Amino acid sequence: MLPLYLTVTDKYLKYSYKDIDRNETVNRIYNLNLALDLDANFSNFKSKVPEFFDVVVIMNPIDIEIRDTIVSCANRPIDISLYMENLFHVPTVGINNVKRYGLQKATANEKDYAGWHLDYFGTYEGKKEYGQESLLTIGNGFFGVRGTYLEARANDNNYPGTYVAGVYNQLSTFINNQDIANEDLVNLPNAQYTTFSIDDGDFFELKESDIEMVYRTLNMKNGIFSTIMYISLQNGKKLKVTTKKVAHTHHFHSYSLQYTVQPLNFSGKIKIYTEIDGAISNKNVKRYRTLDHHHLRIDKTEVSDNFALLLAHTRNSHVNIAISSIVSSPNEVEPKIHSDKSQEKIGQYMTFDAKENESYTLEKTVSIYTSLETKGDLIEVLKANTYHHNFSDIIKNCTGAWKEIWDDEYLEIDGDITSQKLLRMNAYHLTITAHQNVNRHLDVSVGSRGLHGEAYRGHIFWDELFILPYYNIHYPKLVKSLLMYRYNRLDAAKKYAQESGYTGAMYPWQSAMYGDEQSQSIHLNPITNHWEPDNSRKQHHVSLAIAYNVWNYYNMSNDEDFLQEYGLEMLLNIAKFWISLASYDKDTKKYNIDDVMGPDEFHEGYPGAKTGGLKNNSYTNIMTSWLFKKIEQIVNRESSETLRENFSRAHFTDEDIEKMHDIRCNLKLEYNENELLGQFEGYFNLKLINFDFYRRQYGNIERMDRILKAEGDSPDNYQVAKQADALMPLYNLRLDTFLEIMDDLGYPVKDRDKFIENNIRFYLSRTTHGSSLSRIVYSMLALKVDDLDLAWKLFDDSLTSDYYDIQGGTTAEGIHLGVMGATLNVVISYFAGVDYRGHELEIDPKVPEIWNSIKFNMNFKNVHYYFEVDHEKIKIKTDKDTQVLFKQQQVPIKAHQEHVINYSKVIVQP
Ligand code: BGC
């Protein structure tokens, strides 16, 4: 092993390593620049050390139980492992652990630890802290509870949100001379609030000056979020407070917490106090606070013995909510339990005659039931199912349940602990946002910001297209439940189409409880603080995403029943909508689709136009052509009875089939003589933008739309994009399928390599990545042109986007589930190269150079696969006989036997 030895002081870092070539030990000093922050110091340090070492050993950690890597640096304690591991992607261990276990074992332990834990050391403020709370959220598909300190109430630094999937409420606020309706995922009463007092004094409140040291960790292996806090009060009293919190996996209505207080230098009366606090509202997103955000009415609070109950309902959607709390203590002397209640809050507390250095614990289980998923009398059901065990049993149960989850979702990246950690983090957040054991009881789908915050009001977008593939390869039944959310809102989509003058089903751009359009008609520009018109609802391509998800699920699961009962009806209705939108132009002999917006939201209309909408958006037209072709294929295959049934339900006719065929071969694209695909008709006439000019002025120009609007200009005037649009079909479809569609449409691509290269370069240079969904799509596109450096850079930026909150504070308002799903998708479909979009798996790996191998499980067409892909070979094991496609050749795979395919070396540079 090659270690880098590091001694950290307040003013400098002393480091040493072995120079292999010269066979000598090098000792160096790196002086910290205290005018810069630590991140900047450490990234400068990175350039000073050699590239190759596989562990960092900290030579002078502070002797404290939390971690063996806490040091004093720049006059404060930090966990140096968090910095070093993120910088070098290798384990960082403390010298005490090296002495205890030996270097090899200590390194292996840390590699395992780092891959499973999301840790934060010290106190943070504002959006940074809000963002960490989003990432530390616990949940189980039914609810999400933000990873806030238990002692925190909502304020500028903390936001203890609790959300149940599908619980929305609509309110209306008079703004800008109009009534603005907002349907929000409702923040529910805060039942995690817990704190303590000493000798009947004031309750402890989080104050930086009282916190000596604090460590927060989310153990993704078993779903437990813990904190250890060393407190030193103004009066000299010192305490250690440890907390744990976990969402139950099987008993999905509940979560449990444990709160332990240990007086370190005194004895006295300790009271541990916990609440169900109904005096809350939706306040996570600052710019929405001018809108009415009081969605709940508290109906009743009751408390007896150790049981408390709060009943509430949403003001307009009339969802009844019951939240209960049961408290107990594992301490040998059973403590006294007291309670109090007001109209909106219930407090429960225990008092202990505490002795110095002894620990005192309150345990609490919170259960949440709503009238959405629970039939009958809520209180009766809740009381009959009340669930409370001691915390160690709960941990045992959850650890077992999470083991099953991680066995299903097995993914191991060898050679890069940071990627391993963050890919697990993404998988964790996808899993706590939806799970098949839970979602089969619910009528919901996944919002773009998870159950983690209030941005986009918890709404459901086309982002499902980026999220569902990961669920598809692990839990096809879950995908069926999520698609049923859309099926159950087919009537709403038909109504929306009809009201807009179309036929078939037009799904809303933003969907919530009922499936009606929930996009705003105006939105607040944070640069100008002005409300501006919002045309995003013209993104009808969301219906194409839903059709794509239906087809993808069907292709991957072979669920014929779903197709016959629900899927085909949805596809036909969506097709009918596009037929009604397409109009024939006698002059060009082509069909046009007008008045839409593509995924690139910067373009809402033509320069200077009074109304929004664009003509012949190529993403929309290509995906419409794809959909029509898919339906033709299904129609050619299905029985006449199935077709009769579905045609009748969707009012679909043979004439529609003919129309579909004509349209899918004649939709117009903007395609110029250089084989550049225009984003929409007229795109090439738009002005170019001088990005450097704006970069100099604004620094970050990702949200170029807001900048231009603030200057009285408009992105409509320029060739500037928020995210992939014209090239998005290449994310959805195999290249061959894409090229076939170009042929079908009458725009055959002559030189496919040139086409791909030119178009990717063209759009990359015009894209500011204002959406978290942008870089990951371009990462995969860069792989197509073998720009491996760029592919890695864009992938890495996407993988770390929520962790570093690269969009300037948006993680504070919820995670970005779309990019999380998409990074997992890129790892499996492009880096490991297992493409599941056809009839058989097609394999073409491009493993990043920094990684040694990618190992994972997946399901495809009812076959369970295990893959191990490194730079030279692909190992495959399945549970049934099957075959895969490799370099256009079919490779037969025998069940339970390991197959090895050797392939030529293609490397993605870090
Ligand atoms: C992106 C959309 C996305 C939405 C919700 C926007 O910023 O441009 O593509 O659907 O966020 O995640």
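Everything numeric in this text was worked out from a predicted model, so none of it was measured. Values below: all heavy atoms of this structure, side chains included; hydrogens, waters and symmetry mates excluded. Residue numbers run from 1 in the order of the sequence given. Remember, it's 1-based here, ligands and their atoms both numbered in the order they're listed.
- Heavy atoms from other residues, nucleotides or ligands lying under 6.0 Å from NZ of K495 number 12 at most.
- Of the possible polar contacts, one joining the N169 side chain to the S317 backbone as a donor-acceptor pair under 3.5 Å is found.
- E813 has no carboxylate O lying under 4.0 Å from a charged side-chain N of R457, or vice versa, which leaves the two without a salt bridge.
- For the pair W509 and ligand 1, a heavy-atom separation below 4.0 Å is found.
- Below 4.0 Å from some heavy atom of K722 lie the following atoms of ligand 1, by number and element: 1 (C), 6 (C), 7 (O), 8 (O).
- Heavy atoms of other residues, nucleotides or ligands lying less than 6.0 angstrom from NZ of K709 number more than 12.
- Interface atoms of ligand 1 facing E601, defined by a heavy-atom separation under 4.0 Å, are 1 (C), 2 (C), 6 (C), 7 (O), 8 (O).
- Ranking the protein heavy atoms by distance from atom 3 (C) of ligand 1 puts D463 OD1, 3.4 Å first.
- Ring geometry for F461 against W509 counts as perpendicular: the plane angle is over 60°, on a 0 to 90° scale with 30° as the lower cut.
- Residue contact check: S448 has heavy atoms under 4.0 Å from atoms 5 (C), 12 (O) of ligand 1.
- What sits closest to atom 6 (C) of ligand 1 on the protein, heavy atoms only, is Y456 OH, 3.3 Å.
- Proximity of a side-chain donor or acceptor of N316 to a complementary backbone N or O of Q170 within less than 3.5 Å is detected.
- Per-residue contacts place S771 under 4.0 angstrom from the following atoms of ligand 1 (heavy atoms of the residue considered): 1 (C), 8 (O).
- Protein heavy atom nearest atom 9 (O) of ligand 1, with residue, atom name and distance: W462 NE1, 2.9 Å.
- Q723 OE1, 2.5 Å is the protein heavy atom nearest to atom 8 (O) of ligand 1.
- The aromatic rings of W626 and Y548 are tilted relative to each other, their planes meeting at an angle between 30° and 60°.
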